[in-house]
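What follows is one structure encoded as structure tokens, with my remarks underneath.
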Amino acid sequence: MKIYTKELLIKELRSIRDMGWILSRRGKNDGAVGNTLEDLLGIEENNLPIPNAAEWELKAQRKNTNSLTTLFHMEPSPRALKFVPSILLPIYGWSHDKAGDKYPIGEMSFRQTLNATGVSDRGFSVKVDRLERKVSITFDPSKIAERHSEWFLNMLARGGGHFEHYPYWGFDDLFHKAGTKLHNCFFVRADNKVENGKEYFLFNEILMLKKFSLEKFVEAIESGDVYIDFDARTGHNHGTKFRIRDKKIPDLYAESVVL
DNA sequence: GGTACCTGGAA
DNA sequence: CTTCCAGGTAC
């Protein structure tokens with residue numbers, strides 16, 4: 001495997017930018033833009049919680065999306081409770097839209113995109129406690145929207161309605177994860193097009209971000225810029241993600257340079 | 001085979 | 001904006 005320095009990454013990313021339209025290396029896969037960039041750099045797909053290349057993390061995104069950018073994945077504490085697969089999905093989940101169709105009858109879904117400045121229509125939110133040094137998920141049944149009243153009753157029948165323990169992430173765990181994975185980052189935005197059913201990317205906007213700030217990260221959680229995103233169905237827990245709007249990514253770093 | 005990570009989306 | 005969602009791998 002190639003060892004990448006910052007200088008080599010800059011050179012290769014500029015070279016990729018100059019290659020023009022590049023056929024996606026992956027089929028129907030939402031992550032194709034990032035997977036294709038990694039393929040071009042010779043980085044094998046992995047699920048290791050480390051930067052992609054040396055001390056540099058790579059992030060790619062299609063320009064024509066409003067989606068959040070995923071910073072990293074981390075399941076909440078207390079880890080022993082296995083909150084998502086044991087509690088949130090089976091008790092607080094709902095029938096997946098494609099249950100009995102693409103998925104088996106009984107397939108459940110628990111998807112929530114939460115931040116500290118709002119409450120979801122199922123009553124979940126995010127709270128930052130600097131004294132206890134943790135980020136917690138809160139649940140307030142009184143905030144559940146009318147359209148979810150049937151879900152609410154089903155959830156009560158399954159034994160839900162209040163948390164005995166709240167899912168949380170300790171600052172130290174978050175800082176270790178973010179500090180090791182995101183310390184330096186290339187954020188590449190790509191134009192994309194589909195011709196004859198095949199997707200092409202033009203990796204033509206490259207941003208170099210240096211020195212991830214843990215304090216700015218906490219501030220971004222408090223201000224609602226960082227989201228916590230649950231993404232599980234019965235057959236596949238995609239994991240719990242910390243995500244952010246692309247325009248806010250540079251706010252997490254001490255230095256940003258357009259290449 | 002369940003759990004927890006990785007890469008990212010749509011209306 | 002919020003609500004809900006995709007295909008991968010390691011162990």
Side-chain angles (χ1 to χ4, degrees), chain A residues 24-41 43-53 57-77 79-90 92-99 101-103 107-115 117-126 143-145 147-148 151 167 169 173 177-178 180-182 185 187-190 192 194 199 201 224-225 227-249:
Chain A
S24 173
R25 302 288 214 268
R26 305 299 171 100
K28 188 189 178 306
N29 181 344
D30 288 339
V33 63
N35 293 134
T36 297
L37 183 61
E38 291 184 347
D39 288 350
L40 290 166
L41 290 165
I43 297 168
E44 290 183 13
E45 181 168 4
N46 67 73
N47 64 350
L48 304 178
I50 55 173
N52 301 99
E57 171 71 0
L58 292 160
K59 301 232 164 270
Q61 190 182 47
R62 295 167 180 83
K63 287 184 189 176
N64 68 344
T65 179
N66 296 315
S67 298
L68 300 166
T69 294
T70 301
L71 295 169
F72 55 83
H73 296 67
M74 188 170 7
E75 291 301 304
S77 296
R79 300 292 279 244
L81 290 186
K82 302 186 184 306
F83 243 106
V84 172
S86 298
I87 299 172
L88 294 176
L89 180 63
Y92 291 85
W94 51 90
S95 179
H96 193 286
D97 205 34
K98 295 170 184 167
D101 179 13
K102 180 175 179 179
Y103 303 120
E107 184 80 1
M108 298 285 282
S109 181
F110 184 81
R111 282 19 201 266
Q112 289 282 276
T113 305
L114 310 170
N115 72 358
T117 52
V119 181
S120 78
D121 68 354
R122 294 183 196 265
F124 295 95
S125 187
V126 172
K143 301 289 177 55
I144 296 171
R147 76 183 187 99
H148 288 313
W151 164 79
W169 294 262
D173 290 339
K177 168 74 76 174
T180 54
K181 183 174 169 61
L182 297 168
C185 179
F187 182 55
V188 182
R189 296 179 71 239
N192 71 319
V194 177
E199 187 173 24
F201 299 117
D225 287 343
Y227 293 75
I228 295 176
D229 196 357
F230 292 94
D231 182 15
R233 62 174 174 83
T234 303
H236 191 167
N237 177 13
H238 294 84
T240 306
K241 311 158 194 181
F242 282 71
R243 309 181 80 188
I244 191 170
R245 298 227 169 272
D246 55 357
K247 287 191 169 20
K248 298 287 188 179
I249 292 178

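Proteins come first, then strands; the chains are lettered A, B, ... in the order of their sequence lines, and each starts at number 1.
For A/Thr65 against B/dG9, a side-chain-to-base donor-acceptor contact under 3.5 Å is absent.
Within 4.0 Å (heavy atoms only), A/Ser109 reaches sugar-phosphate atoms of the nucleic acid but no base atom. Using a 4.0 Å heavy-atom criterion, one finds that A/Ser120 contacts the sugar-phosphate atoms exclusively. Using a 4.0 Å heavy-atom cutoff across all strands shown, A/Tyr227 reaches sugar-phosphate atoms only and no base atom. Here A/Ala60 lies in heavy-atom contact (under 4.0 Å) with sugar-phosphate atoms only.
The line from CD of A/Glu45 to CZ of A/Arg25 is 14.0 Å long, rounded to the nearest 0.5 Å. Between atom CE of residue A/Met108 and atom OH of residue A/Tyr103 there is a gap of 15.0 Å, rounded to the nearest 0.5 Å.
One interatomic measurement links the two molecules: CG of A/Asn192 to P of B/dG9, which rounds to 8 Å at whole-angstrom precision. As rounded to whole Å, 8 Å separates atom P of B/dG8 from atom CG of A/Leu37. Distance CZ (A/Phe72) to P (B/dC5): 11 Å, rounded to an integer number of Å. Protein atom CZ of A/Phe110 is 16 Å distant from nucleotide atom P of B/dT3, rounded to whole Å. Straight-line distance from the CG atom of A/Leu89 to the P atom of B/dT3: 9 Å, rounded to whole Å. At whole-Å resolution of the value, CG in A/Leu114 and P in C/dC1 are 15 Å apart. Here C/dC1 presents its P atom at 15 Å from CG of A/Asp229, a figure rounded to the nearest Å. For A/Leu88 and C/dC4, the CG to P distance is 14 Å, given to the nearest whole Å.
Between A/Arg25 and B/dG8 there is no side-chain N or O to OP1 or OP2 distance below 4.0 Å. In this structure, A/Lys181 does not reach the B/dC5 phosphate: none of its side-chain N or O atoms is under 4.0 Å from OP1 or OP2. The shortest distance between the side-chain N/O atoms of A/Trp151 and the OP1/OP2 oxygens of C/dT3 is not below 4.0 Å.
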For A/Glu107 and A/Lys98, what are the C-alpha separation, side-chain angles and deciding distance, and is it a salt bridge (charged side-chain N to carboxylate O under 4.0 Å, His left out)? CA-CA 8 Å; A/Glu107 184 80 1; A/Lys98 295 170 184 167; over 6 Å; no
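Of the candidates B/dT7, B/dG9, C/dT3, the closest approach to any side-chain atom of A/Gln61 belongs to B/dG9.
Between A/Thr240 and A/Thr70, the one whose closest nucleotide on DNA chain B sits nearer the 5' end is A/Thr240.
With A/Asp231 as the fixed residue, the side-chain hydrogen bond (donor to acceptor under 3.5 Å, both in side chains) test singles out one of A/Lys241, A/His73, A/Gln112: A/Lys241.
The salt bridge (charged side-chain N to carboxylate O under 4.0 Å, His left out) contacts involving residues 80-90 of chain A comprise nothing, where partners must be two or more places apart or lie in separate chains.
The closest side-chain donor-acceptor pair between A/Arg122 and A/Ser120, if any, does not fall under 3.5 angstrom.
Counting non-hydrogen atoms of neighbouring residues, nucleotides and ligands closer than 6.0 angstrom, the NZ atom of A/Lys63 exceeds 12 such neighbours.
Not a single donor-acceptor pair under 3.5 Å links the side chain of A/Lys181 to the backbone N or O of A/Leu71. Proximity of a side-chain donor or acceptor of A/Ser86 to a complementary backbone N or O of A/Phe83 within less than 3.5 Å is not detected.
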Take nucleotides 6-11 of chain C nucleotide by nucleotide from the 5' end and write B, S or -, depending on whether a protein heavy atom sits under 4.0 Å from the base, only from the sugar-phosphate, or from neither. BBBBS-
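Less than 6.0 angstrom separates the ring centroid of A/Phe110 from the ring centroid of A/Phe124.
Contacts with DNA chain B (heavy atom under 4.0 Å) in residues 242-249 of chain A: A/Arg243, listed by number.
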